[in-house]
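Scroll down for the structure; my scribbles are underneath it.
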Amino acid sequence: MAFVQFSQVSLAFGDRDILKNVTINLQTGSKVALTGANGAGKSTLIKVLAGLVPPDSGNRAVQKECRIAYLPQSGLTHHGCTLREEADKAFEFGYELQRRIDEIGAQLEKGEGNTDSLVTQQAELIQKLEDSGWHRREAAAESVLLGLGFDRSDFNRDTAEFSGGWQMRIALAKALMQGPDILLLDEPTNYLDIEARSWLEQFLQNFRGGFLLVSHDRYFLDVTINEVYELFNGDLKRYPGNFSHYEKVREVELKTLIAAYEQQQEEINKLEDFIRRFGYKATKAAQAQEYQKKLEKMERIEIPESLKKIHFTFPPAPHSGRLVFRMNGINKTYDGERKILNNFELTLENGERLVVAGRNGAGKSTLLRIIAGVDKDFSGETIPGAGVQIGYFSQDNAETICGKKTILDYLEEHAPLELIPKLRDMLGAFLFRGDDVYKSLDVLSGGEKSRIALLQLLLSPVNLLVLDEPTNHLDIHSKDVLLTALRDFGGTVIFVSHDRGFIEQLATRVLELKPGQFKYFPGNYEYYMDQLAKQKAQETETKLHEPQQMDSSASSGTQNKKADFNNSDNAASAATAPQSSPTQLSWEEQKAQTAARRKLEKEVQQLEEKITALESKKTELETKLSDPAVYSNGEKAKAVQRELDELNSQIEETTTAWEEAAEKLV
């Protein structure tokens with residue numbers, strides 16, 4: 001069994017202990033997450049495990065011939081060859097084995113050395129080469145590259161043509177293709193869309209070696225790992241179970257510590273307040289000095305940032321009408337040829353939280369730029385509702401943040417007066433802690449500027465938030481703070497995210513984009529994924545029963561079916577093409593089938609409109625029930641509750657009818 005392990009390893013940078021007598025054992029089958037606050041030393045620990053940074057003391061042991069693959073957070077680039085050639089470098093281990101096999105073969109031909117010993121060595125190497133999968137390397141490379149989002153047309157592109165995010169995908173692909181005994185992955189999901197993350201989840205679930213990874217995606221961690229190591233103040237502690245289980249156990253475990261921390265903070269505040277008020281008064285100077293010494297000697301209690309409860313709310317959203325934003329007949333092309341949006345339609349209602357899903361290049365960011373008014377190069381009309389004020393966030397916002405002002409001064413200029421006292425806590429939630437708030441804007445990294453841009457937007461009184469990847473550069477705790485604020489937000493949200501857990505907690509409706517095509521799903525993200533799974537299962541079933549050979553007309557019918565994904569605001573009208581080819585149905589049969597399908601589509605659309613109206617009425621009643629004049633009056637409250645119960649029944653019945661009708665259209 002392959003392994004790499006620490007025993008009593010310590011490492012310090014200056015007077016700061018990064019690792020203090022740390023012990024960890026990774027072996028075949030290990031599925032480990034490493035967690036800890038930003039700056040706790042997680043990346044350093046991984047580098048020590050990889051053998052890139054020597055510890056100050058302790059032992060690092062690696063089993064003989066144990067192969068370790070390491071992926072850093074960022075900074076890797078590739079050039080000078082095609083993607084296919086770069087991928088092939090991942091199989092150097094196999095090439096080396098083949099060279100040794102050939103060398104032994106040459107010795108045997110010349111009659112050199114001990115024949116029996118050489119034959120045994122060669123047989124062992126041949127078996128090792130076979131077990132490594134080296135002979136199937138081309139298929140393995142193709143599978144990994146496609147899974148991580150590359151297209152076959154990318155295989156012969158020069159690697160220098162790929163952007164920074166895609167460069168890291170290349171590095172991740174190579175680490176996975178090596179087939180190592182131990183995988184060390186530092187933030188592998190940073191540059192992946194949700195489809196690539198899902199593929200990586202499956203890969204790690206099936207991985208036969210051991211791995212340790214750092215990630216800020218809770219869902220990704222929950223489905224891939226079965227133990228957690230927390231690095232806190234240089235100490236490393238193991239927790240069995242997935243990440244959500246670790247959080248529950250850790251919170252219970254630290255209740256006493258949190259209570260002591262809060263009590264100490266209260267005492268510190270009192271002492272500091274006394275020193276500040278009376279430090280320069282002669283009658284109190286001695287006592288102030290005594291308090292100052294007490295503060296200096298006090299052993300400060302620290303708790304993980306993830307357990308510090310920080311909550312903030314948006315400024316009240318300005319009132320807007322029921323229809324917040326509409327788009328009619330939107331067309332957008334690049335280079336005058338490639339259609340990104342084709343006759344696109346959108347209706348956003350007040351209070352909706354719409355997630356835009358789709359692979360890279362499907363037009364998600366383009367759509368958000370059009371809604372925000374940043375991109376005006378399109379045809380069709382956009383119709384903002386009455387009183388709508390749009391707030392837009394994208395990674396590009398960071399480029400406008402510069403100057404000599406400190407972070408705190410900059411945000412105080414943009415914050416409403418009532419939020420200024422909360423700015424320090426809000427900055428802490430967005431990973432600016434302690435003296436970080438006094439950093440000059442000019443020295444901030446791109447990720448830090450993105451977090452400032454997001455926080456700046458959240459301080460603004462708007463009622464339509466357009467958010468393109470708001471969770472990038474945030475840790476799990478910061479995402480939770482943002483998620484809570486967005487769920488409490490009184491306006492409307494349309495957003496793109498690659499964090500599945502974040503999407504599942506926030507989205508109330510899903511828009512799926514493909515280049516030039518779109519489709520709505522009137523439910524949360526879990527419902528959307530269920531529908532995709534059903535569709536995939538049905539496609540697989542259809543393929544199993546299709547004849548192996550198809551005539552040209554049948555093939556044409558199939559292509560038409562694929563092209564007819566959808567160009568309407570209807571969740572279930574994706575398959576408007578006939579189910580059989582023209583050669584298999586008469587004209588009358590095709591006409592009857594098309595008419596029946598249109599009738600069913602109309603029924604689905606009417607049911608969707610009814611559900612929307614019922615949900616709107618339900619929201620009104622819930623608002624009414626929260627009115628003191630109603631809930632303090634028993635009779636009025638009971639009457640409203642009866643209406644709500646009846647509405648819930650109607651919504652359930654209508655949803656069931658919609659699901660049955662939609663199933664017939666799949």
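Keep in mind it's a predicted model, so treat the numbers as computed, not measured. Any value given below was found using the heavy atoms of this structure, including those in side chains, with hydrogens, waters and symmetry copies removed.
Aromatic ring orientation, Phe207 versus Phe203: parallel (interplanar angle below 30°, classes split at 30° and 60°).
Donor-acceptor pairing under 3.5 Å is recorded for the side chains of Ser43 and Asp186. Of the N and O atoms on the side chains of Ser497 and Asp499, not one donor lies less than 3.5 Å from an acceptor on the other residue. Checking Thr189 against Asp217 by side-chain atom types alone, no donor-acceptor pair falls below 3.5 Å. There is a side-chain donor-acceptor pair under 3.5 Å between Asp88 and Tyr95. Gln205 and Thr224 share no side-chain donor-acceptor pair at under 3.5 Å.
Without hydrogens or angle criteria, Glu469 side chain to Ser394 main chain gives no donor-acceptor distance under 3.5 Å. Between the Arg137 side chain and the Phe91 main chain, no donor and acceptor come within less than 3.5 Å of each other. Using a distance-only test at 3.5 Å, with no hydrogens or angles considered, a donor-acceptor pair links the side chain of Gln167 to the main chain of Thr159. For the pair His78 (side chain) and Glu86 (backbone), a donor-acceptor distance under 3.5 Å is absent. Checked by atom type and distance alone, the side chain of Ser143 never pairs as donor or acceptor with a backbone atom of Ala139 at under 3.5 Å.
Counting only heavy atoms from C-beta outward, the side chains of His477 and Val481 approach each other to under 4.5 Å. Here the side chains of Ser30 and Leu212 are not in contact, with every heavy-atom distance at 4.5 Å or above. Residues Val32 and Leu213 fail the side-chain proximity criterion, which asks for heavy atoms closer than 4.5 Å. Within the 4.5 Å cutoff, side-chain heavy atoms of Ile371 are placed close to those of Ile494. Taking the side chain as every heavy atom from C-beta outward, Asp151 and Ser153 approach each other to under 4.5 Å. In this structure the side chain of Val4 never reaches within 4.5 angstrom of the side chain of Ile24, judged on heavy atoms. Put simply, the side chain of Phe432 reaches to within 4.5 Å of the side chain of Ile452, judged on heavy atoms. Side chains of Leu454 and Leu474 form a contact here, defined as non-hydrogen atoms less than 4.5 Å apart.
Going from atom OG of Ser215 over to atom CD1 of Ile476 covers 6.5 Å, rounded to the nearest 0.5 Å. To the nearest 0.5 Å, atoms CG (Leu465) and CZ (Phe489) are separated by 4.0 Å. Phe344 contributes atom CZ, which lies 11.5 Å from atom OG1 of Thr366 (distance to the nearest 0.5 angstrom). Rounding to the nearest 0.5 Å gives a distance of 9.0 Å between CD of Glu161 and CG of Asp154. Interatomic distance, Tyr246 OH to Arg238 CZ, rounded to the nearest 0.5 Å: 14.0 Å. For the atom pair Tyr229 OH and Asn25 CG, the distance stands at 7.0 Å (nearest 0.5 Å).
Closest non-hydrogen pair, Cys66 versus Ile182, comes out as SG-CG1, 3.9 Å. The minimum heavy-atom distance between Gly516 and Asn342, with the atom names listed, is O-CB, 3.2 Å. The shortest heavy-atom contact between Ser478 and Phe430 is OG-CA, 4.1 Å. Contact detail for Leu221 and Ala33: the closest heavy-atom pair is CD2-CB, 3.8 Å. The shortest heavy-atom contact between Tyr392 and Leu368 is CE1-O, 4.1 Å. Here the closest heavy-atom approach between residue Val9 and residue Pro55 is recorded as CG1-CB, 3.5 Å.
Phe162 has its ring centre less than 6.0 Å from the ring centre of Phe150.
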Pair Tyr219-Glu201, side-chain contact (heavy atoms from CB on, under 4.5 Å): steps then yes or no: CA-CA 10 Å; Tyr219 179 88; Glu201 289 165 13; 3.6 Å; yes
Taking it one step at a time, do Thr82 and Arg157 satisfy side-chain contact (heavy atoms from CB on, under 4.5 Å)? CA-CA 5 Å; Thr82 66; Arg157 288 176 58 191; over 6 Å; no
Evaluate Tyr528 against Asn524 for side-chain contact (heavy atoms from CB on, under 4.5 Å), listing each step before the verdict. CA-CA 6 Å; Tyr528 162 66; Asn524 61 19; over 6 Å; no
In sequence, state the C-alpha distance, the side-chain angles, and the governing distance for Val355 and Leu511, and then conclude on side-chain contact (heavy atoms from CB on, under 4.5 Å). CA-CA 6 Å; Val355 62; Leu511 162 62; over 6 Å; no
Pair Glu92-Lys89, salt bridge (Lys or Arg N to Asp or Glu O under 4.0 Å): steps then yes or no: CA-CA 6 Å; Glu92 180 57 35; Lys89 294 179 182 178; over 6 Å; no
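Using a cut-off of 4.0 Å between Lys/Arg side-chain N and Asp/Glu carboxylate O, Arg136 and Glu130 are scored as salt-bridged. Salt-bridge annotation for Glu230 and Lys42: absent, with no side-chain N of the basic residue lying under 4.0 Å from a carboxylate O of the acidic one. By the 4.0 Å N-to-carboxylate-O rule, Arg359 lies too far from Asp193 to be salt-bridged with it. Between Arg218 and Glu247 there is a salt bridge, since at least one side-chain N of the basic residue sits less than 4.0 Å from a carboxylate O of the acidic one. Using a 4.0 Å cut-off between charged nitrogen and carboxylate oxygen, Lys31 and Glu227 do not count as a salt-bridge pair. Salt bridge annotation for Glu142-Arg152: present, with a cationic side-chain nitrogen under 4.0 angstrom from a carboxylate oxygen.
In this structure, Arg353 fails the cation-pi test against Phe495, since its NZ or CZ atom is not both closer than 6.0 Å to the six-membered ring centre and inside 45 degrees of the ring normal. Annotation: cation-pi geometry satisfied between Arg67 and Phe93 (NZ/CZ under 6.0 angstrom from ring centroid, within 45° of ring axis). Taking the centre and axis of the six-membered ring of Tyr239, the NZ or CZ atom of Arg250 falls outside the cone set by 45° and 6.0 Å.
By the neighbour-count criterion of 12 heavy atoms within 6.0 Å, atom CD of Glu138 is sparsely surrounded, having that number or fewer from other residues, nucleotides or ligands. Around the NE2 atom of His135, the shell of radius 6.0 Å holds more than 12 heavy atoms that belong to other residues, nucleotides or ligands.
When each of Arg487, Arg500, Lys479 is tested with Gln505 by the rule side chain to side chain donor-acceptor pair (under 3.5 Å), just one qualifies, namely Arg487. In summary, of the residues considered (Thr44, Leu45, Val22), a side-chain contact (heavy atoms from CB on, under 4.5 Å) with Leu11 occurs for Thr44 alone.
Here Ser74 pairs with Tyr191 under the side-chain contact (heavy atoms from CB on, under 4.5 Å) rule; sequence neighbours left out.
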